[in-house]
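Some notes on the structure that comes next.
Numbers for residues simply follow the sequence, beginning at 1. Here the structure is a predicted model, which is why all the values come from computation and not from measurement.
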Amino acid sequence: MGIGGSILLIVIGAIMTFGLDDTDLGPFNLDTIGWIFQLAGLVGLLLTLYFWNSRRRTVVRQVPTAGGTAIPPTADEIVERRRPAVNEVVERRRTYEDRTY
């Protein structure tokens, strides 16, 4: 749904709940429908923010060298430890304080 769709649902729900005088449209109560839209928009917004936050993590993992041995990363290089997904591309990033090569 995304952030835009969630905010749109919240706005439409608020208009239906607080902005309309005639709250009955046949068998439907527009106040109730407005509250449902607001709740759905809030849930969509929270889920979107949760999934966006979980995607922005860097994974550092051991990479074998030409000799076949693996060089483990130092404690400064590890941002977070987690298992990569099956089809996830994992990069090894190193940062060095001394920039003289």
Side-chain angles (χ1 to χ4, degrees):
M1 178 181 328
I3 293 176
S6 298
I7 291 175
L8 181 68
L9 276 178
I10 293 171
V11 168
I12 290 174
I15 290 171
M16 291 176 78
T17 303
F18 305 116
L20 300 178
D21 290 334
D22 188 18
T23 60
D24 290 327
L25 184 65
F28 302 109
N29 186 347
L30 295 181
D31 284 341
T32 305
I33 294 172
W35 282 111
I36 291 171
F37 277 4
Q38 290 181 59
L39 183 64
L42 182 65
V43 168
L45 183 65
L46 292 176
L47 285 174
T48 301
L49 293 177
Y50 172 76
F51 285 117
W52 273 21
N53 190 28
S54 66
R55 286 192 310 187
R56 296 181 185 202
R57 295 191 179 134
T58 304
V59 176
V60 178
R61 138 182 180 192
Q62 295 180 352
V63 177
T65 61
T69 60
I71 302 172
T74 63
D76 296 335
E77 295 173 334
I78 297 175
V79 176
E80 175 187 351
R81 290 182 186 258
R82 70 175 172 91
R83 294 189 111 168
V86 176
N87 295 328
E88 182 178 8
V89 177
V90 180
E91 298 178 6
R92 181 181 178 99
R93 297 181 183 184
R94 288 187 173 222
T95 57
Y96 300 96
E97 294 298 322
D98 184 19
R99 294 287 179 189
T100 58
Y101 298 104

Give a yes or no on this: more than 12 heavy atoms of other residues, nucleotides or ligands lie within 6.0 Å of atom CZ of F28.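 No - once you tally the heavy atoms of other residues, nucleotides and ligands closer than 6.0 Å, there are 12 at most.
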
Just by distance, do the side chain of N29 and the backbone of D31 share a donor-acceptor pair under 3.5 Å? yes

Taking side-chain contact (heavy atoms from CB on, under 4.5 Å) as the definition, give me every residue that meets it alongside L30, ordered by chain and number, with sequence neighbours left out.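 In terms of side-chain contact (heavy atoms from CB on, under 4.5 Å), with neighbours along the sequence ignored, L30 is linked to M16, L20, L25, I33.
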
For L49, side-chain contact (heavy atoms from CB on, under 4.5 Å) partners two or more places apart: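 With neighbours one apart ignored, the set is I3, L45.
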
Would you mind listing every side-chain hydrogen bond (donor to acceptor under 3.5 Å, both in side chains) that reaches into residues 35-45, with sequence neighbours excluded?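 Output for this query lists T17-Q38.
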
With ILVMFWY side chains joined below 4.5 Å, transitively, what does I36's cluster contain besides itself?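 I36 shares its hydrophobic cluster with no other residue.
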
Remaining members of the apolar cluster that contains L42, side-chain heavy atoms under 4.5 Å: L46

Provide the closest heavy-atom pair for S6 versus G41 in the form atom of the first, atom of the second, distance.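 In terms of heavy atoms, the two residues are closest at CB-O, 3.3 Å.
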
Result for side chain to side chain contact (heavy atoms under 4.5 Å, CB included) between I12 and one of L8, I15, I10 points to L8

